[in-house]
Participant: 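There's a structure below that I have some questions on.
Just so it is clear: chains get the letters A, B, ... in the order the sequence lines come, proteins before strands, and each one is counted from 1.
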Number of protein chains: 2
Amino acid sequence: MKLSGVWYPLISDIGRLWVERTDRPIRVTSFDVAEKAGVNQSTVSRALNDDPAIKDSTKAKVRTAAEALGYYVDTRASALRRDRTGTLAIVVIGRPGTDAHAINPFHYSLLGSICAAAAGRGYQSLVSFQSEPTDFSDHFVRSRQADGLILIGTRNNDEAWEFHRGGANAGKVAIWGSTLDDPGSIASDNVTAGKLAAERLLAAGRKRLLFVGDIDDPQRQFRERYSGFCDYLRATGHTVTDPVFADGQTRFDQGRASVARLLASKCEFDALFCCCDSLALGVLDGLRSAKVRVPEDVSVIGFDGLESGLHCIPPLATIQPDFGAAGVMLVDAALGSIAPGEQQRVPVKLIERASAGPVAK
Amino acid sequence: MKLSGVWYPLISDIGRLWVERTDRPIRVTSFDVAEKAGVNQSTVSRALNDDPAIKDSTKAKVRTAAEALGYYVDTRASALRRDRTGTLAIVVIGRPGTDAHAINPFHYSLLGSICAAAAGRGYQSLVSFQSEPTDFSDHFVRSRQADGLILIGTRNNDEAWEFHRGGANAGKVAIWGSTLDDPGSIASDNVTAGKLAAERLLAAGRKRLLFVGDIDDPQRQFRERYSGFCDYLRATGHTVTDPVFADGQTRFDQGRASVARLLASKCEFDALFCCCDSLALGVLDGLRSAKVRVPEDVSVIGFDGLESGLHCIPPLATIQPDFGAAGVMLVDAALGSIAPGEQQRVPVKLIERASAGPVAK
DNA sequence: GTGAAAGCGCTAACAT
DNA sequence: ATGTTAGCGCTTTCAC
């Protein structure tokens, strides 16, 4: 029988070595299991991998021995030999200068869904948060730490996206969010989202519907939401107006500032579709400061499905992507099961809450 | 020179194989780098690991060759040989029956901080979300996928905690949250948190301070917060009362129900310290429904530092643990740098927001 | 249906 | 200061 090596003792030697006070951890290898089960080491491997060539009785013998010894297959050795890792790398891009715990909750939800989808496909998830250039790293696939890479997070970190563009993982990357130049990206069905928002606001009996948000944001999804919103208004014979937007430090600030500008402009409106929930929360705050009542005077709908929208006043109606579907699509794309170049769209649904106002009879 | 194997061609053979239309991925190994740099393979390994025995000029030569070939050390082979993984496993326990994206935001923040701390120590983070028994898995260390394990998430999943208690990672586990029987756990300095809350509410000129929350919750930290709260009240000669609590499906529901019970009891009060922010949000909602004004009639302080607390009305004053410190402590504990048995405490600080009411002159 | 043996790509002990 | 060599623990081809 081949020995399992010189560094670590066979299980059968533990007693002796314990007495010799070795401080090396005791390791159980497939050779130990083989010895205990009275079979060859290769049979252990085959049995544990459920090879149909192995007799059931042998499998049972091996499994019993493995369990008795507390044996687990060494993932590193297995991965090295099989030439796969069984792992997906997930990179979450954050705003420069902010802590990892200040990540947009939307991306945390997405992260959770991705990990769940990866687990469903039998993959582990190697997660890293990258905000500063010193954090940047993309060699997961090249260094055989992962079989594919998923990129999510804020688009407001040019350095990070620049770094990851055509990085060391070429061909095995899935990206969340739509841009013109990322061919394999996955995003919400933003056009439908815009349509759903317009439809619902019209159903509330609203006449002057506006879009709030920056359609020139690097986050191109905002533009798509605006476009779907306008398309539906046009198709139903309504007036289409330019988006309302004033800049600010955070999305919340942008929402407040946009409302301020809008009210100052004396432009008439009775419904707002906001590009995202965090901006919508700022919009609600701005409207409240100005004593504009929601939803009595103005209906508001956001996008994202953030938890914060549940506890604001009034609770924020919002359009939420199907996180489960998003996770699965991203994982499949990273594993190469989706033809590159295809832009996948994640279904969205309206979450009814008070801010949208009741549907008119 | 030893060949790098039969499965994959040396870089020098790429041209030929390309022509032969092999569909195997081309791999660059340290042998290819050695050939290109004109040194031995072991020299490549030493050079890239910055072995002081290697001449600077040789190191430069090797690094140039490696870069030219796009070579990265194969993590699996390196980890196998070195017998370490450079990875930490992080398990996030969720409530049974809920999706990964419905995880408590507090735990997402903690997760982010842990990954950041791990990266700071040179470790990768292997994340898994476990809610259902089918997700349960704890053999990360035994199967050599990770050098240690960090356990966070809800305490309201008995099956999960039962599973992880004394699992296959014995001795290399760090746990968030305090319990009597997890000796190596890390938790917030809850006693100080209770003191800070009491101190602040008294400073607002409040006289009848109550604690809201279930001190018998499996989340034992609630009891500690209550205890620190009471200690301070006692030490300053104030009356101490039993906690207020009524059960509910979610923490938010518990908050609403507790307020309802409290108001029905006709018990006098002008300040509430809530065991956690999500319950506090329910408390605010309950008070609003009952037309009790916050902070004019009642001051409210929560615990956690959730983002949702920023956007509720009024914004929720809260006590927040230092997430950065928490991440570092958990990582160090999982890596064994902290003596087992010690209970580590993460510093907390008060986040001033309107719900606490102004400090009385 | 199982055993024998090779070797994944790397690091480190042992040479020189 | 660098080359030679063994072998980490596993999977898989090749024998029988």
Participant: Given D:dT11, is OP1 or OP2 found less than 4.0 Å from the side-chain N or O atoms of A:S78?
Facilitator: yes

Participant: Which listed nucleotide (C:dC10, C:dA4, C:dT2) is nearest to the side chain of B:Q41?
Facilitator: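 Side chain of B:Q41 sits closest to C:dC10.
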
Participant: Hey, mind stepping through B:E159 and B:F136 against side chain to side chain contact (heavy atoms under 4.5 Å, CB included) and telling me if it holds?
Facilitator: CA-CA 9 Å; B:E159 270 192 288; B:F136 297 168; 4.0 Å; yes

Participant: Which part of the nucleic acid, if any, lies within contact of B:S30, taking any heavy atom under 4.0 Å across all strands shown: a base, the sugar-phosphate backbone alone, or nothing?
Facilitator: sugar-phosphate

Participant: So for B:S42 and D:dT4, does any side-chain atom that can act as donor or acceptor lie under 3.5 Å from a complementary atom in the base?
Facilitator: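 Looking at the base of D:dT4, it does pair with a donor or acceptor on the side chain of B:S42 (distance under 3.5 Å).
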
Participant: Is the shortest side-chain N/O distance from B:R46 to OP1 or OP2 of C:dA12 below 4.0 Å?
Facilitator: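 B:R46 to C:dA12 OP1/OP2: no side-chain N or O under 4.0 Å.
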
Participant: Select one nucleotide: of D:dA1, C:dC10, C:dG1, the one nearest the side-chain heavy atoms of B:K55.
Facilitator: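 Shortest atom-to-atom distance from the side chain points to D:dA1.
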
Participant: Base, sugar-phosphate alone, or nothing: which one does B:N40 contact when heavy atoms must sit under 4.0 Å apart?
Facilitator: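 If one applies the 4.0 Å heavy-atom cut-off, B:N40 turns out to touch a base.
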
Participant: Donor-acceptor check, side chain of A:R121 to backbone of A:D332, threshold 3.5 angstrom: yes or no?
Facilitator: no

Participant: Quantify the bending of the helix from C:dG1-D:dC16 to C:dT16-D:dA1 as the angle between its end axes, each fitted on five pairs, to 10°.
Facilitator: 30°

Participant: Determine: side-chain N/O of A:Y71 to OP1/OP2 of D:dC10, distance under 4.0 Å, yes or no.
Facilitator: yes

Participant: Taking only the side-chain nitrogens and oxygens of A:T43, find out if one of them lies under 4.0 Å from OP1 or OP2 of C:dT2.
Facilitator: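 For C:dT2, neither OP1 nor OP2 has a side-chain N or O of A:T43 closer than 4.0 Å.
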
Participant: From the set C:dT11, D:dT12, C:dG9, return the single nucleotide nearest to any side-chain atom of B:V73.
Facilitator: C:dT11

Participant: Where the side chain of A:D147 meets the backbone of A:G86, is there a donor-acceptor pair that is under 3.5 Å apart?
Facilitator: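 Yes; judged by distance alone, with no hydrogens or angles, the pair exists.
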
Participant: Among residues at least two apart in sequence or on other chains, which ones pass ring-ring contact (aromatic ring centres under 6.0 Å, His included) with A:Y123?
Facilitator: none

Participant: First locate atom CZ of B:F140, then atom OG1 of B:T87, and finally report the distance between them rounded to the nearest 0.5 Å.
Facilitator: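 Interatomic distance, B:F140 CZ to B:T87 OG1, rounded to 0.5 Å: 11.5 Å.
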
